[in-house]
Amino acid sequence: MRAGKFFVLTVLMLLLMGIRAEAAPTENVTWTSENSGLNPGYTVEPMPNTRYVDPSDILPNVTATSAIVIEASTGHVIYSRNPDLAMYPASTTKMMTLIMALEHGGLDEIVTVSANASGTEGSTLWLDPNEKIPLNDLLYGMIMASANDASVAIAEHLDGSVVKFAEHMTNRARELGATNTNFTNPHGLPDANHYTTARDLAILASYGLKLPGFEQIVTQQEVSFYWIHDDESKLIRTENKLLWMYNGCNGIKTGYTESAGRCVVCAAKRNGIQLISVVLDGQYMWNDSIILLDYGFENISTETIVEPDKVIKTLPIISGRKKSMRVKTAGEIVVPVFKNDDAYTINYDIPEVLTAPIVDGESIGKVRVMIDGKEIATTDVVTTADVEQKSFFRLVLSTIQSFLA
């Protein structure tokens, strides 16, 4: 019965938002992070944007005040609108709380819920004071149900107080590159000093996806726990509708308060390409996210820019039985390539000469691929043969011959 009601509500929601879902068979399908969504055949009808958009904006139908879409492995920005504007993040804040918990907590640790946590306003899991729940379970509840009480319980468990935890959140976020962010709580309820930017949230999301356990939690659609009080099925269902709507969606977090507006950080992966989109204060946040991600995938592909076993150079050899040797790449480098944007530079970090003895396959340098001033991939440069050192007599003879010459 719950599943039937949810399907009807989902269809109605899609129609109201202007998303037409084409029927697609779902039997015998294994949904993965690159093949998600109950209705992968869809089109998006542009919704009326009542806000001013700069005439030069290439995505005028995006309704968000601030938005961005980036390629996660490089951090390269594919599209942005006001990406560094300070905004209220609402419950997208919980993405950082999850990062902190995964870095500093043990998933099997038992969290004792305080009266302070239990009484937190807003979205809730209806936790009771003195309830004891595994940290892992609370993380799912916090992300999927956007539970503020779970967020406070986690913060108090890890740092003793919300204030101390928020300070650590801010410091860690800035270490990760989110330099225009300040947190005062773990849940995102309104506070004048609690703010971030679309760019910063994209940076944090990209980092989070590299953490063990993060993607598993932010992609979970449904989960049951024995301690859920208000439902006989003990079921939590995620608030992130994009996990059903968008093919390839693998997270991450929604958010809403009256002051923040509708917010969502979304991740999607197709053909090995991981994108992150951020919508802050969107009139139609699901449509905005789909438009951003579609634009990202349309303007990106992959390309092998460094091939394996490619000869880089022939280097002279000092004190060896051979005078020179070719050196080559050890592996390949495959990178995202952005349409109309020659973003990469390739640097060869190798010596000018080699000194015997030399072992075949020995690493003597690096090929470094850079984008936006940041190194995003490397492979070794290696030797191609064994070279013995000259005997002492031959070294002396060579020195004399060089002197006479």
Side-chain angles (χ1 to χ4, degrees), residues 70-78 80 174-179 199 202-204 206-207 209-212 271-276 296 299-405:
I70 70 168
E71 193 283 318
S73 69
T74 62
H76 187 68
V77 177
I78 303 171
S80 67
R174 291 177 181 177
E175 288 174 359
L176 295 173
T179 55
R199 190 191 305 275
I203 290 170
L204 296 177
S206 298
Y207 174 77
L209 286 171
K210 299 171 186 175
L211 280 177
N271 301 317
I273 296 172
Q274 179 71 65
L275 297 184
I276 304 291
N299 285 275
I300 195 171
S301 60
T302 57
E303 182 179 318
T304 301
I305 62 172
V306 176
E307 297 178 352
D309 299 319
K310 179 182 178 181
V311 174
I312 299 298
K313 200 171 184 180
T314 299
L315 297 176
I317 300 173
I318 298 173
S319 305
R321 289 183 177 271
K322 291 179 64 175
K323 292 184 177 180
S324 63
M325 178 190 293
R326 294 182 299 173
V327 295
K328 66 178 184 179
T329 56
E332 69 176 359
I333 297 179
V334 180
V335 297
V337 177
F338 308 100
K339 190 180 293 185
N340 303 320
D341 192 347
D342 186 14
Y344 294 101
T345 58
I346 301 175
N347 296 334
Y348 297 93
D349 183 9
I350 58 176
E352 295 183 358
V353 296
L354 301 175
T355 303
I358 299 168
V359 178
D360 184 20
E362 178 183 353
S363 176
I364 55 91
K366 295 279 188 183
V367 179
R368 305 182 189 276
V369 177
M370 313 289 291
I371 183 170
D372 301 332
K374 180 176 67 174
E375 180 183 297
I376 57 98
T378 68
T379 189
D380 287 339
V381 177
V382 297
T383 56
T384 55
D386 294 328
V387 178
E388 295 181 3
Q389 190 176 34
K390 287 181 180 179
S391 66
F392 178 74
F393 173 76
R394 289 185 176 274
L395 285 172
V396 172
L397 180 60
S398 295
T399 301
I400 294 171
Q401 288 173 339
S402 297
F403 178 76
L404 293 175

> Main chain of Glu307, side chain of Thr329: is a donor-acceptor contact present, judged purely on distance under 3.5 Å?
yes
> Check whether any side-chain N or O of Thr384 sits under 3.5 Å from a backbone N or O of Arg326 as a donor-acceptor pair, and report yes or no.
yes
> By the definition side chain to side chain contact (heavy atoms under 4.5 Å, CB included), identify the one residue from Thr378, Ile376, Thr345, Thr74 that meets it with Met370.
Thr345
> Take the angle between the ring planes of Phe338 and His76 and call it parallel below 30°, perpendicular above 60°, tilted in between.
tilted
> Could you measure the distance from the NZ atom of Lys313 to the CE atom of Met325? Nearest 0.5 Å is fine.
15.0 Å
> If I take atom CD1 from residue Ile333 and atom NZ from residue Lys310, how far apart are they, to the nearest 0.5 angstrom?
11.0 Å
> Out of curiosity, Leu204 CG to Leu209 CG, how far, rounded to the nearest 0.5 Å?
11.0 Å
> Could you grab the distance from atom CD1 of Ile203 to atom CZ of Arg174, nearest 0.5 Å is fine?
13.0 Å
> Among residues two or more places apart or on two chains, list those pairs meeting side-chain hydrogen bond (donor to acceptor under 3.5 Å, both in side chains) that have a residue in residues 346-358.
Asp349-Arg368
> Nearest 0.5 angstrom please: Gln274 CD to Ser73 OG, how far?
9.0 Å
> Kindly give the heavy-atom pair with the smallest separation between Gly320 and Ala356, and that separation in Å.
CA-CB, 3.4 Å
> If you compare all heavy atoms of Lys366 against all heavy atoms of Val381, which two are closest, and at what distance to 0.1 Å?
C-CG2, 3.9 Å
> Any idea which heavy atoms bring Val387 and Arg321 closest together, and the distance?
CG1-N, 3.8 Å
> Do Gln389 and Pro357 have side-chain heavy atoms sitting under 4.5 Å apart?
yes
> Looking just at side-chain N and O atoms, do Ser301 and Glu303 make a donor-acceptor pair shorter than 3.5 Å?
no
> How many angstroms lie between atom CD of Glu388 and atom CD1 of Ile358, to the nearest 0.5 angstrom?
11.5 Å
> Is any side-chain heavy atom of Pro351 closer than 4.5 Å to one of Ile364?
yes
> Do Ile78 and Leu275 have side chains that approach each other closer than 4.5 Å (heavy atoms only, starting at C-beta)?
yes
> Applying side chain to side chain contact (heavy atoms under 4.5 Å, CB included) between Ile317 and each of Val353, Leu354, Thr383, report the one that passes.
Leu354
> With a 4.5 Å limit on heavy-atom distance, are the side chains of Val337 and Ile300 in contact?
no
> Would you check if Lys328 and Val382 make a side-chain contact, meaning some heavy-atom pair closer than 4.5 Å?
yes
> If we ignore hydrogens and angles and just use 3.5 Å, is the side chain of Thr379 paired with the main-chain N or O of Gly331 as donor and acceptor?
yes
> Which atom names give the shortest non-hydrogen contact between Gly365 and Ile350, and what distance separates them?
CA-CG2, 4.1 Å
> Any donor-acceptor pair under 3.5 Å linking the side chain of Tyr207 with the backbone of Ala202?
no
